[in-house]
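First comes the structure, then the notes that go with it.
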Amino acid sequence: MNQTTIRNTVRCTGIGLHSGKQVELVLRPAPEDTGILFALRSGSGTSFLSPKPRLVVETGLATTLGNGHDHISTVEHLLAAVRGLGIDNIRIEVQGRELPIMDGSAASFVYLLNQAGLRRQSKARKVLVLKKAINFEHDGKSIKATPHNGFLVDYTIQFAHPLIGRQNLKLEVTPDVFAQDIAKARTFGFLREVEYLHANGLALGGTLDNAVVLDEFGVLNSDGLRYQDEFVRHKMLDFVGDMAVMGLPILGRFEVFASGHAMNNAFLRFLEANAAEYLEERTLGGESLEAAPARKAVAKTEHVHAHPALA
């Protein structure tokens with residue numbers, strides 16, 4: 001299986017979740033082995049940033065990447081679309097310090113990328129293969145990862161709200177599955193939190209047009225939910241996007257409970273710091289993702305507790 005990029009340049013504008021201001025986004029093809037590259041345009045020029053776990057500088061309302069000089073926020077939905085559709089190389093140009101929130105899901109980005117088209121490149125795809133089982137835990141949240149010949153996510157959430165409660169979704173994430181079953185799920189929040197954020201000058205672009213908002217009993221959006229379990233589907237979307245911060249696609253099975261951006265990033269930082277023990281970089285060559293040889297999982301699962309500062 002060879003690397004892919006988009007065929008044509010596409011662009012859009014939208015409102016930033018944090019600033020409430022209009023943001024311009026341009027997606028361009030990129031050469032082999034570029035990976036995901038952000039080009040951040042400002043009055044002083046253009047700076048470049050490639051996602052890495054250690055470059056995640058904020059996980060409060062969204063995932064924010066920074067390099068000490070510049071930062072770009074709310075990257076997880078576009079990263080989920082890029083990784084979910086199996087795109088290896090892309091240049092993401094942004095005028096502003098955040099990506100547009102669009103409708104709060106990845107659907108608009110999937111549409112843009114499909115409009116751009118995909119182009120197969122000449123070099124073989126590189127992936128990170130999980131070699132060893134790990135149970136990463138902190139404060140009642142967990143990510144259990146085991147070797148698997150694909151990208152399977154088994155996600156469970158639990159909220160003390162009558163419309164959510166406990167929801168579980170298990171999917172082998174392929175381009176078709178991502179586009180049909182994950183991409184349209186919107187971010188969600190609670191009215192009391194939204195009111196607090198707006199009162200403190202935060203999430204100024206957040207509206208019922210780009211988020212599912214719940215009061216104590218139900219959904220305030222007039223159009224209701226897109227899926228009965230839209231909440232867990234969006235958490236899975238976020239997980240796909242946060243895992244893309246690793247740079248290369250990760251092959252494994254991930255059993256996730258109650259995780260969020262901070263926990264996801266803590267997990268990636270642990271993997272990055274212990275890559276020699278847990279990860280193997282593999283070139284797929286002409287093999288399909290499903291056909292690539294996989295190592296057998298070891299019998300023992302290692303339990304790792306996240307450092308509080310990271311989680």
Side-chain angles (χ1 to χ4, degrees), residues 3-18 20-30 34-39 41 51 62-63 72-96 98-121 151 153 169 171-188 205-212 221-227 229-245 249:
Q3 297 177 32
T4 62
T5 188
I6 55 176
R7 186 174 297 278
N8 301 300
T9 296
V10 290
R11 63 189 70 222
C12 73
T13 57
I15 298 300
L17 172 64
H18 297 288
K21 298 179 180 179
Q22 192 171 77
V23 180
E24 181 183 358
L25 173 69
V26 182
L27 306 178
R28 299 187 187 276
T34 298
I36 300 169
L37 178 67
F38 285 95
R41 304 200 308 263
T63 295
I72 179 72
S73 183
T74 323
V75 299
E76 62 272 16
H77 298 169
L78 177 55
L79 290 182
V82 169
R83 183 64 73 233
L85 295 182
I87 298 169
D88 298 284
N89 305 303
I90 190 169
R91 175 173 164 139
I92 302 168
E93 297 181 1
V94 186
Q95 184 75 45
E98 58 183 322
L99 294 181
I101 188 62
M102 309 307 281
D103 71 347
S105 76
S108 297
F109 298 131
V110 168
Y111 174 81
L112 272 176
L113 293 168
N114 284 335
Q115 289 297 303
L118 298 187
R119 176 168 60 87
R120 189 72 63 184
Q121 297 176 292
F151 186 67
V153 183
L169 183 66
L171 293 172
E172 183 80 50
V173 181
T174 65
D176 285 344
V177 167
F178 181 83
Q180 295 174 15
D181 299 324
I182 303 174
K184 292 184 290 184
R186 295 161 295 175
T187 191
F188 63 94
T207 70
L208 292 175
D209 293 327
N210 53 42
V212 176
N221 304 64
S222 60
D223 57 347
L225 296 175
R226 293 177 177 175
Y227 311 92
D229 59 350
E230 186 168 359
F231 308 103
V232 70
R233 289 175 190 263
H234 185 78
K235 285 294 188 178
M236 186 178 288
L237 188 160
D238 280 347
F239 185 79
V240 174
D242 284 343
M243 292 302 101
V245 172

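Fair warning: this is a prediction, and the values are worked out from it, not measured in the lab.
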Quick one: are [X] and [Y] in side-chain contact, heavy atoms under 4.5 Å?
| X | Y | value |
| --- | --- | --- |
| Phe151 | Met243 | yes |
| Asp238 | His77 | yes |
| Phe188 | Lys235 | yes |
| Ile36 | Ile90 | yes |
| Phe109 | Leu27 | no |
| Thr63 | Leu79 | no |
| Phe178 | Val110 | yes |
| Arg11 | Arg28 | yes |

Heavy-atom pair of closest approach, residues [X] and [Y]:
| X | Y | result |
| --- | --- | --- |
| Leu237 | Ala183 | CD1-O, 3.6 Å |
| Ser105 | Arg226 | OG-NH1, 3.7 Å |
| Ala244 | Pro51 | O-CB, 4.5 Å |
| Glu24 | Val26 | OE2-CG2, 4.1 Å |
| Glu230 | Lys184 | OE2-O, 3.8 Å |
| Leu85 | Ala179 | CD2-CB, 4.5 Å |

Drop me the distance from [X]'s [atom1] to [Y]'s [atom2], to the nearest 0.5 angstrom.
| X | Y | atom1 | atom2 | result |
| --- | --- | --- | --- | --- |
| Thr4 | Arg119 | OG1 | CZ | 9.5 Å |
| Ile92 | Ile72 | CD1 | CD1 | 9.0 Å |
| Thr34 | Asn89 | OG1 | CG | 5.0 Å |
| Met102 | Leu78 | CE | CG | 10.0 Å |
| Glu98 | Leu25 | CD | CG | 12.0 Å |
| Arg186 | Asp209 | CZ | CG | 10.0 Å |

Hey, is the main chain of [Y] close enough, under 3.5 Å, to the side chain of [X] for a donor-acceptor pair?
| X | Y | answer |
| --- | --- | --- |
| Asp103 | Ser108 | no |
| Arg91 | Pro29 | no |
| Thr74 | Leu99 | no |
| Asn210 | Thr207 | yes |
| Thr187 | Ala211 | no |
| Asn221 | Leu208 | yes |

Val82 and side chain to side chain contact (heavy atoms under 4.5 Å, CB included): which single residue from Ile6, Asp88, Ile87 fits? Ile87

How about OH on Tyr227, more than 12 heavy atoms from neighbouring residues, nucleotides or ligands closer than 6.0 Å, or not? yes

